[in-house]
Amino acid sequence: MTRFKPGDEVFASIFDTGTGSLADFACVPERLAAIKPENMDFIEAASLPMVSLTAWQAFTERAHLRPGQKVFIPAGSGGIGTIAIQLAKHLGARVATTTSSANVEWVSRLGAEEVVDYKKQEFETVLSGYDLVLGTLRGDSIEKSMQILKPGGKIVSLVGPLDVNFARARQLNILLRIIFALMSRKIMRLSKKRGLDYSFLFVRPDGDQLTQIGKLIEAGHIKPVIDRVFPFADTKDALAYLEQGHAKGKVVVEIHQE
């Protein structure tokens with residue numbers, strides 16, 4: 001018995017299912033889909049599943065974020081940052097982020113209460129006493145983030161290093177588990193020294209979670225943020241634009257059905 005009927009408007013993430021979504025048609029397992037909120041068009045709907053599920057799983061499953069806690073979300077004007085700020089704010093957290101000078105006021109309107117202009121300051125010299133860091137930037141950002149966390153604080157990284165728990169969850173072989181243990185050895189050692197908890201998050205598609213997120217969208221607690229929409233014929237241009245790393249929100253490829 002299906003949850004859906006012909007004509008239902010749905011949205012979904014099919015990440016990690018073995019197929020892509022840049023196509024005229026995509027086959028979506030029922031359990032991964034949810035009814036599209038009525039106050040959102042398909043372009044907005046396409047922008048949300050990956051980033052909203054990432055933030056949802058990081059905050060509600062991994063970190064168990066509670067009202068009043070302080071969370072640091074770097075790159076607040078990016079695709080993940082714009083949604084993560086809104087969700088964290090809805091969950092009652094106090095949010096800090098980084099962005100360029102031009103976007104300081106803009107990310108504040110999204111819900112960030114403390115905004116560090118990365119062109120003028122280093123966030124690790126400004127912020128302190130945080131409960132959670134959402135790791136979204138590669139390089140040494142994760143290690144720097146440790147400096148702003150209080151004992152018992154958590155780092156949920158979306159960019160690595162990969163850890164043994166991830167290998168176990170994916171049922172990877174013993175060799176890969178050893179490799180991931182070596183990759184995360186330094187960050188684990190620093191975390192233990194500071195009394196912190198580090199984990200790597202690999203987002204998974206989930207229709208039930210999208211249904212809950214859809215309710216937040218319908219209630220106006222979360223709003224899609226879209227930078228540019230490209231026609232399907234310009235998909236390569238869309239990917240090139242995305243790689244520049246300057247998008248405010250999400251980049252969407254639109255496919256027109258005849």
Taking the side chain as C-beta and beyond, is there a heavy-atom pair between [X] and [Y] under 4.5 Å?
X	Y	value
M40	L48	yes
V71	D131	no
F4	E30	yes
R168	R177	yes
L190	M146	yes
I213	L53	yes
L149	R194	no
I142	I155	yes

Can you name the nearest heavy-atom pair linking [X] to [Y], along with the distance?
X	Y	answer
A112	T97	CB-CG2, 3.7 Å
L216	H90	CD2-NE2, 3.3 Å
A93	L65	CB-CD2, 3.7 Å
R3	D8	O-OD2, 4.5 Å
I83	P224	CD1-CA, 4.5 Å
V156	A58	CG1-CB, 4.0 Å

Margin query: For a side-chain contact (heavy atoms from CB on, under 4.5 Å) check, start with the C-alpha distance between L134 and I80, then their side-chain angles and the critical distance, and finish with the verdict.
Written below: CA-CA 10 Å; L134 184 64; I80 291 176; 4.2 Å; yes
Notebook entry, point to check: Do N173 side-chain atoms and L176 backbone N/O form a donor-acceptor pair below 3.5 Å?
Noted result: yes
Check: Okay, side chain of T125, backbone of Q121: is any donor-acceptor separation there less than 3.5 Å?
Finding: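 Judged by distance alone, no pair lies under 3.5 Å.
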Which pairs with one or both residues in [range] pass ring-ring contact (aromatic ring centres under 6.0 Å, His included), sequence neighbours excluded?
range	value
residues 143-181	F166-F180, F166-F200, F166-F202
residues 132-155	none
residues 43-65	none

Apart from [X] itself, what residues make up its hydrophobic cluster, given side-chain heavy atom links below 4.5 Å?
X	result
V28	I14, L32
Y118	none
I43	I226, V229, V252

Checklist line | Distance under 6.0 Å and angle within 45° of ring axis: K154 vs Y198 | finding: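 Here K154 fails the 6.0 Å and 45° test against Y198.
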Margin query: Set out, in order, the CA-CA distance, both residues' side-chain angles and the distance that settles side-chain contact (heavy atoms from CB on, under 4.5 Å) for L110 and V225, then state yes or no.
Written below: CA-CA 10 Å; L110 288 176; V225 180; 4.3 Å; yes
Got a second to check how far [X]'s [atom1] is from [Y]'s [atom2], nearest 0.5 Å?
X	Y	atom1	atom2	answer
L132	L196	CG	CG	11.0 Å
K186	S191	NZ	OG	11.5 Å
K215	I35	NZ	CD1	12.0 Å
D41	E254	CG	CD	8.5 Å
S13	Q209	OG	CD	11.0 Å
N165	S184	CG	OG	9.0 Å

[X] and [Y]: same hydrophobic cluster, using ILVMFWY side-chain contacts below 4.5 Å?
X	Y	answer
F15	L242	no
V164	L201	no
L127	L137	no
F25	F42	no
L87	W106	yes

Next item on the list: Under the salt bridge (Lys or Arg N to Asp or Glu O under 4.0 Å) rule, what do E61 and R204 come out as? Steps first, then yes or no, please.
Entry: CA-CA 12 Å; E61 290 186 345; R204 71 180 189 281; 2.7 Å; yes
Notebook entry, point to check: Looking at residues at least two apart in the chain, or sitting in another chain, which of them share a salt bridge (Lys or Arg N to Asp or Glu O under 4.0 Å) with E114?
Noted result: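 Result, salt bridge (Lys or Arg N to Asp or Glu O under 4.0 Å) vs E114: none returned.
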Margin query: Give me each pair satisfying salt bridge (charged side-chain N to carboxylate O under 4.0 Å, His left out) with a member in residues 64-78, each pair once, sequence neighbours excluded.
Written below: none
Next item on the list: Could you go through the side-chain contact (heavy atoms from CB on, under 4.5 Å) check for C27 and T19 one step at a time?
Entry: CA-CA 8 Å; C27 184; T19 61; over 6 Å; no
Counting only pairs under 3.5 Å, give me each side-chain donor-acceptor contact of residues 232-239, with atom names and distances, residues two or more places apart or in other chains.
residue, atom, partner, partner atom, Å
T235, OG1, F232, O, 2.6

Note to self: Taking CZ in R62 as the centre, count heavy atoms belonging to other residues, nucleotides or ligands within less than 6.0 Å. Is the count above 12?
What the structure shows: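 Buried by this count: over 12 neighbours within 6.0 Å.
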Check: Ion pair present between D16 and R170, side-chain N to carboxylate O less than 4.0 angstrom?
Finding: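 Looking at D16 and R170, the cut-off is met.
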Item checked: From T98, V116, I148, V115, residue fulfilling side chain to side chain contact (heavy atoms under 4.5 Å, CB included) relative to V126 -> V116
Next item on the list: Report the C-alpha separation of T60 and L91 in whole Å, then their side-chain angles, then the decisive distance to 0.1 Å, and conclude whether the side-chain contact (heavy atoms from CB on, under 4.5 Å) test is met.
Entry: CA-CA 9 Å; T60 66; L91 294 173; 4.3 Å; yes
Item checked: Partner set under side-chain contact (heavy atoms from CB on, under 4.5 Å) for K120, not counting sequence neighbours ->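 Result, side-chain contact (heavy atoms from CB on, under 4.5 Å) vs K120: S101, D117.
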Check: With sequence neighbours excluded, what pairs up with S145 under the side-chain contact (heavy atoms from CB on, under 4.5 Å) test?
Finding: F72, F123, V133, S141
Next item on the list: Only pairs at least two apart or in different chains count here, so list each side-chain hydrogen bond (donor to acceptor under 3.5 Å, both in side chains) that has a residue in residues 217-230.
Entry: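 Matches after skipping sequence neighbours: D227-Y241.
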